[in-house]
Amino acid sequence: MTTMDQGGQSRAVTILARLDRLPGTRHVWMLITLLSLGGMFELYDLFMTAYVIPGLVKAGLLANVAVSIFTGPALFVAATFTGLFIGTAAFGYVADRYGRRTIFTYSMLWYCAATFVMAFQNTGWGVCLWRLIAGIGIGVELVTIDTYVSELVPKSMRGRAFAFNQAVQFSVVPVVAFIAYQLVPISPFGFDGWRWVALIGSIGALFVWFIRRAVPESPRWLINQGRLDAAEAVTAAIEAKVIADLGGASLPVPASHSVDKAEPLGRFAEIFEPQYRGRTIMLMIFQFFQTFGFYGFAAWVPTLIAQQAGINLSASLLYSFIIAIANPFGPLLAMSFADKFERKWQLVGAACCIGVFGVLFSFQTAMGLLILFGVLITLSNNVLSYSFHNYQAELYPTRIRARAVGFTYSLSRISAVFASFIIAFFLQTAGTKGVFGLIAFAMLTVVISIGGWGPRTRDRELEQISQ
């Protein structure tokens, strides 16, 4: 454990106050953009799952692979989300131990390399094994980016920072949908189209070192490690660039500031101690149920449209691509109100919209109205996504932030594995109305858990929220 004397405590308070008083200038937004670009490749890799399955089926690679109830395409999806579960639950803590910058870099290299290897597999088992390995890296990256962004930006703009981060990341969803639409049915240069889709995703590794050079370590993490000189140097470098953005104008005077206890790495059990137990249980319930709204629609939209409108799957894929274009616009819309309302009420509002628009979607048969409500569900899903990624990273102290976020987030990875089976059952027995009835129930649970037990976080210091 790192002990900090009175002088060290005073320095830590000053550094944190200096970070939180920074205005949102070009340099601050550049740091957010670079982290978001790293996350963009991660989302490409994650959303690629649904789009390469038709190619894998066409190639016969998933014909004779099964583990328990998971067979063929279901095993490929389960491998992805099992990897995500392992990455978030078992390895989420590594960003607390080794630093945000280091793990951001190496987890990105990990999943890019694993996806590259997967593209050259010639057996279903090989494809699923390397998909699971890639999933571990994606899971670690998801946790690391959330903790990194929350710690690096001033408190007054955390909401907008996360909204922008998600907008950049989700801009890749229509890209991967279009690339798959073009490549999966064909075999350029005799190489299966799905393999090209996977290879394109792995090029993120080429950008790693460029991003690593430009993004500093989190001063908050450095303070927790007792490395005050390094935290001071990082903060001073950011300040210098912000002052340059302001044309040499002086920065606001730092106010007083709260500080976490100086401990390099917290214990897992701490997230269940009285101070954080309520938050942890609240997020566990939220994460388990939010998946039904988010992935329940995003993964099933082609099938739901085909069933509602009575059209073939090829046409429904085209309409799904149109709906997918809406993905980046939800977070961009959220930038207009991200720091003006409490985060918990943004989450509650988004969940209510998903439930209402979903039920209305289930009553439509005209293609125009299906696309309209599909777009509204997508926008609501993306506001939900931006706000919970922000919210969960605000609720714990630096020493356990990545560990706590990883553990609670892992519940959504587990529920995603089984959500497809549950949704398939409801679709078969009760049609699209049954599916959206299930989603509405899941969103009601989200509203009760967040609305009833969520603390307020808007414009508050991270160290203040965690106390």
Side-chain angles (χ1 to χ4, degrees), residues 47 49-51 53-54 57 69-74 76-78 80-81 170 173-174 177 180-181 286 288-327 329-330 348-385 412 415-448:
F47 276 86
T49 309
Y51 296 109
I53 284 176
V57 170
I69 61 171
F70 303 104
T71 61
F76 182 74
V77 173
T80 302
F81 282 97
F170 275 103
V173 177
Y181 176 66
F286 166 78
F288 187 85
F289 284 96
Q290 63 89 5
T291 312
F292 287 88
F294 194 90
Y295 287 103
F297 182 73
W300 283 84
V301 64
T303 309
L304 294 169
I305 287 178
Q307 179 142 334
Q308 278 296 100
I311 57 174
N312 63 50
L313 199 58
S314 176
S316 77
L317 280 170
L318 178 60
Y319 297 129
S320 301
F321 166 63
I322 294 168
I323 291 172
I325 293 172
N327 271 283
F329 295 99
V348 165
C352 288
C353 288
I354 293 166
V356 171
F357 294 143
V359 170
L360 291 171
F361 178 97
S362 71
F363 282 91
Q364 308 308 316
T365 53
M367 187 52 63
L369 289 172
L370 281 170
I371 290 175
L372 171 64
F373 285 110
V375 166
L376 290 173
I377 295 167
T378 301
L379 293 174
S380 303
N381 267 329
N382 291 126
V383 172
L384 181 89
S385 177
S412 70
S415 68
V417 174
F418 296 101
S420 287
F421 289 96
I422 297 169
I423 287 169
F425 172 79
F426 272 80
L427 187 61
Q428 188 175 359
T429 58
T432 51
K433 291 181 179 65
V435 170
F436 283 104
L438 169 69
I439 289 174
F441 170 77
M443 292 302 100
L444 178 62
T445 309
V446 163
V447 167
I448 293 169

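For reference, positions follow the sequence shown, starting with 1.
Atom CZ in Phe70 sits 11.5 Å away from atom CZ in Phe81 (nearest 0.5 Å). We find the CD1-CZ distance between Ile354 and Phe436 to be 10.5 Å, quoted to the nearest 0.5 Å. A distance of 10.0 Å separates CD in Gln364 from OG1 in Thr432, rounded to the nearest 0.5 Å. Within the model, atoms CD1 of Ile325 and CZ of Phe170 stand 15.5 Å from one another, a figure rounded to the nearest 0.5 Å. Expressed to the nearest 0.5 Å, how far CZ of Phe289 lies from CZ of Phe292 amounts to 7.0 Å.
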>> The test is side chain to side chain contact (heavy atoms under 4.5 Å, CB included); show your working for Gln290 and Ser412 and say whether it passes.
In response: CA-CA 7 Å; Gln290 63 89 5; Ser412 70; 3.5 Å; yes
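Between the side chain of Ser362 and the backbone N or O of Lys433, no donor-acceptor pair lies under 3.5 Å.
Atom CZ of Phe421 is surrounded by more than 12 heavy atoms from other residues, nucleotides or ligands within 6.0 Å.
Considering every non-hydrogen atom in both Leu370 and Ile323, the closest pair reads O-CD1, 4.4 Å. In this structure, Pro54 and Tyr51 approach most closely via the heavy-atom pair CD-O, 3.5 Å. Shortest non-hydrogen contact noted between Thr49 and Ile53 is O-CG1, 3.3 Å.
Ring geometry for Phe47 versus Phe294: interplanar angle over 60°, hence perpendicular rather than tilted (30 to 60°).
For Phe361 and Phe297, the ring centers sit closer than 6.0 Å to each other.
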Could you tabulate the donor-acceptor pairs under 3.5 Å formed by side-chain atoms of residues 371-385, not counting sequence neighbours?
unit_1: Thr378; atom_1: OG1; unit_2: Gly374; atom_2: O; d: 2.8
unit_1: Ser380; atom_1: OG; unit_2: Leu376; atom_2: O; d: 2.8
unit_1: Asn381; atom_1: ND2; unit_2: Gly293; atom_2: O; d: 3.4
unit_1: Asn382; atom_1: ND2; unit_2: Asn327; atom_2: OD1; d: 3.4
unit_1: Ser385; atom_1: OG; unit_2: Gln166; atom_2: OE1; d: 2.6

